[in-house]
**Student:** 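One structure, pasted below without further comment.
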Amino acid sequence: MRNNLFIAFEGIDGCGKSTQVKLLTDQLKKTGHKVYATCEPTGGPVGSVIRNIFNHRIEADHRTIAGLFVADRLDHLLNKTDGILQKLEDGYTVITDRYYFSSYAYHGTHMPMDWVIEANSLSAGLLRPDVNIYIDIQPEISMKRLQEGRSSTELYETLENLTNVKNRYLEAFEKLKSLEKIFITTGDRAPEVIAADIWNEISGYKNER
Ligand code: ADP
Ligand code: TYD
């Protein structure tokens, strides 16, 4: 495998993204790669506003939230200190827990998906992932995991919404399959088994950026 891939993890809340980001980061480091693991919403100024909306500290319309994610993503790519483009330039393999497919799936349930895709076209033009890894899970299973693991639920964490989001993910993958590399792995297995599946897939990649 050549250095310096850009990998995005996708899936509904509780599907196991954070767990897999960590396992993949460890595996890449073991094999000599410099790795920068990051996530959206980011820890930057726009990401902080978004987190306050999800925690119900401030209120905002779904369309406003979609717009905030557009800005947060551009900052995630472009900011001069730890922006993804800079990290790739510096030779890091970058793994992000969520990228623009999250916007297509989560906001495509509240407004036309084509609008969301168009609104994110600057980010897509700057950087498409070498692979979007989608962890596929039944919403019932992820709801159960979320309820066991947390004391409160975030804005989008209801069974009805996660079911809609899952359907929107599949719609977005179908719509963009000619432009995007998408790898789907089954999330209802032991974490190590999923990690091995992902490693088997990406260890063969050549970075053609
Ligand atoms: P996400 O980042 O997608 O929300 P997490 O990795 O935080 O998901 O996992 C959500 C919860 O499910 C956590 O409590 C985690 O320990 C658990 N979990 C993660 N992967 C698995 C798995 N493959 N099988 C069972 N439980 C899992
Ligand atoms: P995250 O912290 O990844 O939550 P989890 O670990 O439970 O998956 O994401 C927080 C929420 O942000 C999640 O409900 C999905 C939502 N989200 C959007 O609505 N639009 C976006 O563009 C992104 C990146 C996330």
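Whatever order the structure lists ligands and atoms in, that order sets their numbers, starting from 1.
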**Student:** Check each atom of ligand 2 against the heavy atoms of Lys17 and keep those under 4.0 Å away; list them by number with element.
**Tutor:**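 Matching atoms, with element in brackets: 3 (O), 5 (P), 6 (O), 8 (O).
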**Student:** Say whether Arg189 and ligand 1 are in contact under the criterion: heavy-atom distance to a ligand atom below 4.0 Å.
**Tutor:**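 True for this residue.
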**Student:** At a 4.0 Å threshold, what atoms of ligand 2 neighbour a non-hydrogen atom of Glu157?
**Tutor:**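 The list of qualifying atoms is 7 (O).
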**Student:** Specify the protein heavy atom at minimum distance from atom 4 (O) of ligand 1: its residue, its atom name, and the distance to 0.1 Å.
**Tutor:**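 Looking at atom 4 (O) of ligand 1, the protein heavy atom closest to it is Gly14 N, 2.9 Å.
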**Student:** Return the residue, atom name and 0.1 Å-rounded distance of the protein heavy atom closest to atom 7 (O) of ligand 1.
**Tutor:**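 Answer for atom 7 (O) of ligand 1: Ser18 OG, 3.6 Å.
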**Student:** Any idea which of Tyr104, Phe54, Phe9 brings a heavy atom closest to atom 11 (C) of ligand 2?
**Tutor:**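 Looking at heavy atoms only, the winner is Phe54.
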**Student:** Purely on distance, is any nitrogen or oxygen of Arg73 under 3.5 Å from one on ligand 2?
**Tutor:**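 N/O-N/O distance below 3.5 Å exists for this pair.
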**Student:** Check this for me - ligand 1, Ala190, N or O atoms closer than 3.5 angstrom, yes or no?
**Tutor:**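 Min N/O separation from ligand 1 is not below 3.5 Å for Ala190.
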**Student:** So which protein heavy atom does atom 6 (O) of ligand 1 come closest to, and at what separation?
**Tutor:**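 Atom 6 (O) of ligand 1 sits closest to the protein heavy atom Thr19 OG1, 2.5 Å.
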**Student:** May I ask whether atom 19 (C) of ligand 1 is less than 4.0 Å from at least one protein heavy atom?
**Tutor:**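 So atom 19 (C) of ligand 1 has protein heavy-atom neighbours under 4.0 Å.
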**Student:** Considering the heavy atoms of His107, write down every atom of ligand 2 situated less than 4.0 Å from one of them.
**Tutor:**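 Answer, ordered by atom number: 18 (C), 19 (O), 20 (N), 21 (C), 22 (O).
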**Student:** By number and element, which atoms of ligand 1 are closer than 4.0 Å to a non-hydrogen atom of Ile194?
**Tutor:**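 It comes down to these atoms of ligand 1: 23 (N).
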**Student:** Measure from atom 12 (O) of ligand 1 to the protein's non-hydrogen atoms and state whether any distance is below 4.0 Å.
**Tutor:**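 Protein heavy atom within 4.0 Å of atom 12 (O) of ligand 1: present.
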**Student:** I need the contact type for Tyr100 against ligand 2. Using non-hydrogen atoms and a strict under-4.0 Å cut-off, is it side chain, backbone, both or neither?
**Tutor:**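 Neither part.
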**Student:** Can you confirm whether Glu118 is buried at CD, in the sense that more than 12 heavy atoms of other residues, nucleotides or ligands lie under 6.0 Å from that atom?
**Tutor:**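 No, the 6.0 Å shell around CD holds no more than 12 heavy atoms from other groups.
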**Student:** Side-chain contact test, heavy atoms from C-beta onward, threshold under 4.5 Å: evaluate it for Val131 versus Leu5 and give yes or no.
**Tutor:**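 Sidechains of Leu5 and Val131: no contact.
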**Student:** Are side-chain heavy atoms of Val46 and Phe69 found at a separation under 4.5 Å?
**Tutor:**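 No, side chains not in contact.
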**Student:** If you group Ile, Leu, Val, Met, Phe, Trp and Tyr by side-chain heavy-atom gaps below 4.5 Å, do Tyr100 and Leu74 land in one group?
**Tutor:**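 As far as the 4.5 Å side-chain criterion goes, Leu74 and Tyr100 are connected within one cluster.
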**Student:** With no hydrogens and no angle check, just 3.5 Å: does a side-chain donor-acceptor pair link Thr25 and Tyr36?
**Tutor:**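 There is no such pair (donor and acceptor under 3.5 Å, judged by atom type) between the side chains of Thr25 and Tyr36.
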**Student:** Is the closest side-chain donor-acceptor distance between Asn120 and Tyr99 under 3.5 Å?
**Tutor:**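 Their side chains do not contain a donor-acceptor pair, so the 3.5 Å distance test is not met.
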**Student:** So, taking the atom named CD1 in Ile135 and the one named OG1 in Thr185, what distance separates them when rounded to the nearest 0.5 Å?
**Tutor:**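 OG1 of Thr185 is found 7.0 Å from CD1 of Ile135.
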**Student:** Would you say Tyr169 and Leu179 are hydrophobically clustered, going by side-chain heavy atoms of ILVMFWY under 4.5 Å?
**Tutor:**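 In one cluster with Tyr169: Leu179, yes.
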**Student:** Check whether any N or O atom of Arg98, backbone or side chain, sits under 3.5 Å from an N or O atom of ligand 2, and answer yes or no.
**Tutor:**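 Yes; at least one N/O pair falls below 3.5 Å.
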**Student:** Would you say that Ile198 contacts Leu23 through its side chain, given a criterion of any heavy-atom pair below 4.5 Å between the two side chains?
**Tutor:**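 They are not in side-chain contact.
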**Student:** For ligand 2 and Ser103, I'd like to know whether there is a polar contact (N/O to N/O, distance under 3.5 Å).
**Tutor:**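 So ligand 2 has an N or O lying under 3.5 Å from an N or O of Ser103.
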**Student:** Show your working on salt bridge (charged side-chain N to carboxylate O under 4.0 Å, His left out) between Glu140 and Lys144 and close with a plain yes or no.
**Tutor:** CA-CA 6 Å; Glu140 290 79 2; Lys144 193 159 169 283; over 6 Å; no
**Student:** Hey, looking at atom 9 (O) of ligand 1, which of Gly16, Ala195, Gly11 has the closest heavy atom?
**Tutor:**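 The residue whose heavy atom sits nearest atom 9 (O) of ligand 1 is Gly16.
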**Student:** Going by atom types only, do Glu10 and Tyr104 share a side-chain donor-acceptor pair under 3.5 Å?
**Tutor:**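 Checked: Glu10/Tyr104 side chains show no N/O donor-acceptor pair below 3.5 Å.
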**Student:** Identify which of Lys17, Arg145, Glu157, Glu192 has a heavy atom lying nearest to atom 17 (C) of ligand 1.
**Tutor:**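 The option holding the nearest heavy atom is Arg145.
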**Student:** When rounded to the nearest 0.5 angstrom, what distance separates CG in Leu68 from CD1 in Ile53?
**Tutor:**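 So the CG of Leu68 and the CD1 of Ile53 are separated by 5.0 Å.
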**Student:** Please could you name the atoms of ligand 1 that Gly187 approaches to less than 4.0 Å, counting only its heavy atoms?
**Tutor:**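 Here the atoms of ligand 1 in question are 23 (N).
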